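To keep things clear, I will list the structure first and then write my remarks on it.
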Amino acid sequence: MHRHVKTGFILGAAAMMAISVAGCGTNANSSPSGKSTASGVTATQGQPLVMSTGPKGNFTENFNPFSASADDGTSGFIYEPLFYYNEVGPQVYPILGTTKTWSNDNTTLTVQLNAKAKWTDGKAFTAQDVVFTFDLLKKFPAADLNGVWQKLSSVKAQGKHTVVFQFKSEDVPFAMYVLQQVIVPQHIWSSVGDPTKFSNPKPIGTGPFTLERFSSQEYVYKANPNYYKGTVPVPEVDIPAYGDNNSNNMALSEGTLDWDGAIMQNIQKNYVDKSSSNHYWFPPDAIVSLVPNLKDPLLSNAAVRQAISLAINREDIQNKGEYGLYKVAQPDGILPTMSSWVDPNLPQKDKAFTYNPSAAEQVLERAGFKKNSSGIFVSPSGKPLSLTLLVVSGWTDWVEDASLLSQELKQVGIELNVQQEQYGAYMAQLQSHKFQLAMSTSNSGPNPYYIFQSLLYTNQAYNYEQFSDPTVDAALTDFSKTTDATKQKQDIYTVEKVLAEQLPVIPVVYGIQGDEYRDNKYTGWPDANNPYVTPAPWAWPAPEIVIMHLKPVSK
């Protein structure tokens, strides 16, 4: 499981239909008969739910939504954004916001707020809380994890329930990062000072849960009895600590975990076959690629990148390195869940990769490469095709992928030396461009723009390969200035053709969102037949949407 720094959100286009969170309109304090049960749990609620987002060792108390290491549930369960956008379907979920409207040539975004929302201490939620939150990010840039003030010029309230976001220039897709920002109460955080230095042990939010108790081994959320969107179906969520993958996967296999995001070997045998209640759904959400440093004299040669691609047995990577859970990528970089964005006129050769080792050698020979006495191709200038591949130590699937890639490329005369680094050192080399080849994952989002912009836009932070193409930049810029779906598709068509034919990065497989769940306590989980929301329990704040869709199973 390889997560992304930013999560993507769908465009604020009028064509997208906003869908309310399930449970709205029910009195949160009463059962269907209008009476609370003696336990305080309403008749529409079920049993406690145990969830994990993966092994993290002992917990540290940190419910600060401005911290990148905040405890799970801080965003979504406690603090909420204005909107949430499904990355595996077309839904747009209004949360603290109800409507959003662009004006002034897509530079002004006006958001109407939910007048029913309130903080769990009973105070009303208003536009002033939204303005305060964004002003806090401006005053303390270290808290601005998505860099929203790089794009915003002002955030102002119009009355109690309207907020106006003024952008410096048109950037419709970036609005999703603005709308994703969770909101904090002014009446509490105004006295905190630097928000990045506050552990926030007693969080007060607007969300469906409150923090019941915390320890280094487990923390527990209780349903908010006054949640403005109605009865929370799950009365309690328990999050236990796991020290490693083995203990986490054992709990999942034994049925003590109800919801998890692990990547498990032999998942059918080790999980699904253990109980008829056990299920999983791993939808694709990103591209896992070989990223070449395009400033390297060998890798800047398109023939070398093409030969590498032809030499990769992607099905082998899929089945051996990724346990059969990841899907083989396609040259245009369009995820299977986004097939409507594929250019209908794209040549067939740009829609599927070919595994052809002999063709790989022929490509190099036509480019003037010749094999030396060791069987390694050498460039016309005398440089052997001996490359270093950077991967993260401990990411066992990527390490296995790298081993397979090394074997496959050696067969065609390309030597691959695998270099394993701890995550911090790995990222430092990517960001400083001090590498030759690296395995890396793209950003994610509800449409291809978020992937392409992160990978291919000139000087973008995640453009580790240092690709620059005026045609690509122009298409992505044009996309960002409009909400016209037809124009946006034409822009994406331009980019996918460049990706497929120039291979500035070499797609291998699609990254996935791990999601294992048990339906013995609750039904209504998102799955391939009902992809109503991003399913992974670590994809905050999406778990809030999942929880509000669940329905208790009668005993």
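This one's a predicted model, so the numbers in the text were calculated from it and none came from an experiment.
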**Closest heavy-atom pair and its distance - Phe353, Leu503** = CE2-CD2, 4.1 Å
**Item:** Tyr242 and Lys56: CA distance, side-chain angles, deciding distance, side chain to side chain contact (heavy atoms under 4.5 Å, CB included) verdict
**Value:** CA-CA 6 Å; Tyr242 296 102; Lys56 296 181 178 178; over 6 Å; no
**Request:** Apply side chain to side chain contact (heavy atoms under 4.5 Å, CB included) to the pair Tyr464 and Phe435, showing each step before the final yes or no.
**Result:** CA-CA 9 Å; Tyr464 304 125; Phe435 70 97; 4.1 Å; yes
**Request:** Measure from the side-chain N and O atoms of Gln419 to the backbone N and O of Leu390, and report whether any donor-acceptor pair falls under 3.5 Å.
**Result:** no
**Message:** Looking at Gln502, is its backbone amide N or carbonyl O close enough to the side chain of Arg305 to form a donor-acceptor pair, meaning the two atoms are under 3.5 Å apart?
**Reply:** yes
**CA sep, side-chain torsions, deciding dist, call: Val304, Ile414, side chain to side chain contact (heavy atoms under 4.5 Å, CB included)** = CA-CA 9 Å; Val304 172; Ile414 301 174; 5.6 Å; no
**Message:** Using 30° and 60° as the class boundaries, would you call the ring planes of His549 and Tyr93 parallel, tilted or perpendicular?
**Reply:** perpendicular
**Prompt:** Does the pair Gln181 and Phe66 meet the rule for a side chain to side chain contact (heavy atoms under 4.5 Å, CB included), with working shown?
**Reply:** CA-CA 9 Å; Gln181 175 61 51; Phe66 303 114; 3.7 Å; yes
**Asked** CG of Asn447 to OG1 of Thr337: how many Å apart, nearest 0.5 Å?
**Response** 10.5 Å
**Prompt:** Any idea which heavy atoms bring Thr534 and Glu87 closest together, and the distance?
**Reply:** OG1-N, 3.2 Å
**Request:** Please check if any side-chain donor atom of Thr477 sits under 3.5 Å from a side-chain acceptor atom of Tyr457, or the reverse.
**Result:** yes
**Asked** Do Trp259 and Asp515 have side-chain N/O donor and acceptor atoms under 3.5 Å apart?
**Response** yes
**Message:** Tell me if the aromatic rings of Tyr449 and Trp341 count as close, with their centers under 6.0 Å from one another.
**Reply:** no
**Message:** Quick one, Asn278 with Glu516, criterion side chain to side chain donor-acceptor pair (under 3.5 Å). Give me CA distance, side-chain angles, the key distance, then yes/no.
**Reply:** CA-CA 7 Å; Asn278 293 352; Glu516 295 96 354; over 6 Å; no
**Prompt:** Do we see a donor-acceptor contact under 3.5 Å between the side chains of Asn417 and Ser386?
**Reply:** yes
**Exercise: identify the closest heavy-atom pair between Pro284 and Pro336** = CG-CD, 3.7 Å
**Prompt:** Would you say the side chains of Asn356 and Ser358 form a donor-acceptor pair under 3.5 Å?
**Reply:** yes
**Message:** For Asp105, I'd like to know if atom CG has over 12 heavy atoms of other residues, nucleotides or ligands within 6.0 Å.
**Reply:** no
**Request:** Would you please say whether a donor-acceptor pair under 3.5 Å links the side chains of Asp273 and Gln268?
**Result:** yes
**Message:** Taking Lys349 first and then Glu501, would you say they form a salt bridge - that is, a charged N and a carboxylate O separated by under 4.0 Å?
**Reply:** yes
**Asked** More than 12 non-hydrogen atoms from neighbouring residues, nucleotides or ligands closer than 6.0 Å to NZ on Lys168, yes or no?
**Response** yes
**Asked** Without hydrogens or angle criteria, can the side chains of Trp538 and Asp72 be said to hold a donor-acceptor pair below 3.5 Å?
**Response** no
**Prompt:** Should the pair Phe369 and Phe377 be assigned to parallel (<30°), tilted (30 to 60°) or perpendicular (>60°) ring geometry?
**Reply:** perpendicular
**Message:** Can a donor-acceptor pair be found, under 3.5 Å and without considering hydrogens, that links the side chain of Gln466 to the backbone of Asn293?
**Reply:** no
**Item:** Least distance between heavy atoms, Ala303 atom then Leu364 atom
**Value:** O-CD2, 4.1 Å
**Asked** Quick one: does Thr494's side chain have a donor or acceptor within less than 3.5 Å of a partner on Gln490's backbone?
**Response** yes
**Prompt:** Is a side-chain donor or acceptor of Glu408 paired with a backbone partner of Asn313 at a separation under 3.5 angstrom?
**Reply:** yes
**Distance, nearest 0.5 Å, that separates OH of Tyr462 from OG1 of Thr441** = 11.5 Å
**Prompt:** Is it true that atom CD of Glu315 has more than 12 heavy atoms of other residues, nucleotides or ligands lying nearer than 6.0 Å?
**Reply:** no
**Fill in**
Smallest heavy-atom separation, Leu404 atom then Gly321 atom, equals CD1-N, 3.8 Å
**Request:** For the pair Phe282 and Tyr280, name the ring-plane relationship: parallel under 30°, tilted 30 to 60°, perpendicular over 60°.
**Result:** tilted
**Prompt:** Side chains of His279 and Asp519: is there a donor and an acceptor less than 3.5 Å apart?
**Reply:** yes
**Prompt:** When you measure from the side chain of Glu465 to the backbone N and O of Val291, does any donor-acceptor pair fall under 3.5 Å?
**Reply:** no
**Prompt:** Does one side chain, of Ser309 or Arg314, offer a donor that lies under 3.5 Å from an acceptor on the other?
**Reply:** yes
**Request:** Taking the side chain as every heavy atom from C-beta outward, state whether Phe479 and Ile492 have any pair of such atoms under 4.5 Å apart.
**Result:** yes
**Prompt:** Atom OG of Ser253 and atom CE of Met264: how far apart are they, to the nearest 0.5 Å?
**Reply:** 5.5 Å
**Item:** Distance-only polar pair, side chains of Asn270 and Gln265, donor-acceptor under 3.5 Å
**Value:** no
**Fill in**
Of all heavy-atom pairs linking Pro537 and Ser52, the shortest is CG-O, 3.6 Å
**Distance (rounded to the nearest 0.5 Å) between Asp491 CG and Asp478 CG** = 4.0 Å
**Message:** Does Lys481, at its NZ atom, have more than 12 non-hydrogen atoms belonging to other residues, nucleotides or ligands within less than 6.0 Å?
**Reply:** no
**Request:** For atom NZ of Lys371, decide whether the heavy atoms of other residues, nucleotides or ligands shown that lie under 6.0 angstrom number more than 12.
**Result:** yes
**Message:** Just by distance, no angles: are the side chains of Glu170 and Asn106 close enough, under 3.5 Å, to form a donor-acceptor pair?
**Reply:** no
